[in-house]
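Along the sequence shown, residues are numbered consecutively beginning with 1. Because the structure is a prediction, the values reported are computed rather than measured. Values below: every heavy atom of this structure, side chains too, minus hydrogens, waters and symmetry copies.
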Amino acid sequence: MASSPGPAGIGGAGAVQGSGSSGFALDSGLEIKTRSVEQTLLPLVSQITTLINHKDNTKKSDKTLQAIQRVGQAVNLAVGRFVKVGEAIANENWDLKEEINIACIEAKQAGETIAALTDVSSLNHPESDGQITIFTDKTGVIKAARLLLSSVTKVLLLADRVVIKQIITSRNKVLATMERLEKVNSFQEFVQIFSQFGNEMVEFAHLTGDRQNDLKDEKKKAKMAAARAVLEKCTMMLLTASKTCLRHPSCESAHKNKEGVFDRMKVALDKVIEIVTDCKPTVETDISSITIFTGIKEFKMNIETLRENLCFESKENLSATLEAILERTEDFTDSAYTSHEHRERILELSTHARMELQQLISVWSQAQNKKTKSVTEELELSILKISYSLNELKKELHSTATQLAADLLKYHADHVVLKALKLTGVEGKLEGLAEYACKLSEQKEQLVETCRLLRHVSGTEPLEITCIHAEETFQVTGQQIISAAETLTLHPSSKIAKENLDVFCEAWESQISDMSTLLKEINDVFEGRRGEKYGYLSLPKPMKNNANLKSLKPDKPDAEEKARIAKLGLKLGLLTSDANCEIDKWENQENEIVRYGRKMSGVAYSLYLFTRGEGPLKTSQDIINQLELKDDDKLMLLLEINKLIPLCHQLQTITKAPLQNQVFLKVDKCITKTRSMMAILVQLLSLCFKLQKKLQMENNRWVAVTDKNSVDGKT
């Protein structure tokens, strides 16, 4: 199947989408249909190849004739299934219906032609004389096969356009709702619009997630992953930042904080569409943006070509290329965070590389004038020397960047500055805010520069993208933490301002954790372990002191399972936001329903953080322990509505069931059940709030009537 590389799951023309995740079927059914198209196409390719490679001089035994006929029939049947899928897609997309139907008709005709030409079972009978078959018209089979592959490709291209159109439409819906959220002035209106926004974001996440899984280009896949990560994290930030603005409408820092979230989401949405449509930026990549490791790799390839072709490259170009590489090492030598020893070593190795190149050029000139054995050997030695010199430079740069990153991560592991900002905020100390905001800015600059250095030594394009994403995240999130802290300091008693600061601090801590993983991956690539994949979120880990599990090996989730857990987590996170919105409506925050609702919401939110590799839950067993609710925790709220009771029992059954090497399945079920409970909780909180308001109105009316009767009685 033809598939041009596309960004993070987005193939260009010819890619069939939707095969990456079976956890969530789209309402339109297109994901299932396109996956069916892909699965139908695979056997077609091998069967057609078998027919075309059939030799004319093959002995016409009964066994051979039967085999040829079976292949032809199989092709025709596969084409029939393919055509049904294509027609189903056409019926749902009227703008492309005619084109798809024409391609389907061509495919059907080609399949029938192949079936007719391979109907050779009667060739050994006299009455079959004169029959046109694969033996008498092999050209006909080839033409039919070409027509079939051409028509199949057309359908796949059109199906791809449908998927791209769906993603663009979904993005436009999200943008339209975001514009409404930006202009909203009342909390009640915000809750309603944000609920719609959450549903649209879930749909967009599904579409782009499937697209990302289908991408073959690892660089584009990494770009898509980065853009989707921004959107997911910003969805939670948007909620608290908007609520803070509504609660404190005249606070400038609150508006600045909110605008930052909206701006970043819009950029991420545009990036996704750029990847999906395979649109190249208008400004071509500057040569200075190429990393040092990439530059060294290309330079070494050029000098190694001299072994075969002495005129492959000009001496001037080769010198200019090396100078461009060494100029970029100034990012390391000019950095205030590079140690004196590393700086001196990098400068020394750079000088040595220049000397080795001059020696190579000298020998190269001799080799062009006289091709003797001694000159050839000297050229080989010069190539090896400069290659070794550049390898030593790579080692030094890698050591400098990774050591700096490791030291920085260790130093900031306890997040002292974030804790101080939170404390300063709730105490309302503006002087303290200025001090710790300055410290956070310094920390941000350190992390940003470290990410730039790591990018130079990342070794692969996907890791380069990850470094850029980390750099941008620290740059933006650092400013947003400061504006959120300023809002809290100006309104120290505001619960929503405190919650908002917590959300941005969690995003910072999450990026620090991601950077630790990134550092490990960069080291693995450098040491030749690039094929290793790390367990997703620590799912699952062998548990200690459990006799029943001694002989079990943990089951490792595959890509589809990871995607499913991530999508479940996103849905759960959005439902948690809905629940918190309902809770915030209550004037009496100590109401029993509110307290238990908040507790359930907290449990659900910790599950959401787990699916992102964050929060207090670190292993699958932590999830199971967390969901083994105590009786006094569940009775007061769960008995309020019958729907919650069976869900609660099912959840308890799942958590207490033996693992039997199915940890992933158990976690999947736990999150699914919790999501269902949260959906009911949101409805329950809303209903209780309305009933409480109605009850208050009735009580007020009763008091008014009683007072009137009392006055009348006295009269």
Indicate whether any N or O donor in one side chain lies under 3.5 Å from an N or O acceptor in the other, for Arg264 and Gln480.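 Arg264 vs Gln480: no donor-acceptor pair found between side chains.
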Regarding Thr321 and Glu298, do their side chains bring together a donor and an acceptor under 3.5 Å, going by distance alone?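 Result is no, nothing qualifies.
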Taking only Lys NZ, Arg NE, NH1 and NH2, and the carboxylate oxygens of Asp or Glu, determine whether [X] and [Y] approach each other closer than 4.0 Å.
{"X": "Lys108", "Y": "Glu87", "answer": "no"}
{"X": "Lys223", "Y": "Glu274", "answer": "no"}
{"X": "Glu471", "Y": "Arg452", "answer": "yes"}

[X] side chain near [Y] side chain, heavy-atom distance below 4.5 Å:
{"X": "Glu218", "Y": "Thr460", "result": "no"}
{"X": "Lys165", "Y": "Asp95", "result": "yes"}
{"X": "Thr473", "Y": "Trp508", "result": "no"}

Separation of Leu463 CG from Lys219 NZ (nearest 0.5 Å):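 Between Lys219 NZ and Leu463 CG, I get 13.0 Å after rounding to 0.5 Å.
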Which distance, rounded to the nearest 0.5 Å, do you find between the CD of Glu99 and the CZ of Arg161?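 Interatomic distance, Glu99 CD to Arg161 CZ, rounded to 0.5 Å: 5.0 Å.
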Stepwise, does the side chain to side chain contact (heavy atoms under 4.5 Å, CB included) test hold for Glu232 with Thr235? CA-CA 5 Å; Glu232 183 179 346; Thr235 299; 5.6 Å; no
Assess whether side chain to side chain donor-acceptor pair (under 3.5 Å) is satisfied between Thr294 and Glu464, documenting all intermediate values. CA-CA 10 Å; Thr294 301; Glu464 283 183 32; 3.2 Å; yes
Under the criterion side chain to side chain contact (heavy atoms under 4.5 Å, CB included), I'd like the reasoning laid out for Val75 against Leu148: C-alpha separation, chi angles, the key distance, then a yes or no. CA-CA 10 Å; Val75 169; Leu148 176 59; 4.0 Å; yes
How about Lys256: does its NZ atom have over 12 heavy atoms from other parts shown lying under 6.0 Å from it?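 It does not: Lys256 NZ has 12 such atoms or fewer within range.
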Please name the residue in the list Val276, Leu207, Ile273 that meets the side chain to side chain contact (heavy atoms under 4.5 Å, CB included) test with Ile164.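 Only one option passes, and that is Val276.
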After noting the C-alpha distance and the side-chain angles of Val184 and Phe194, does the key distance pass the side chain to side chain contact (heavy atoms under 4.5 Å, CB included) rule? CA-CA 10 Å; Val184 73; Phe194 188 82; over 6 Å; no
Could I get the full list of ring pair (Phe, Tyr, Trp, His ring centres under 6.0 Å) partners for Phe204, not counting sequence neighbours?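 Applying ring pair (Phe, Tyr, Trp, His ring centres under 6.0 Å) to Phe204 gives none.
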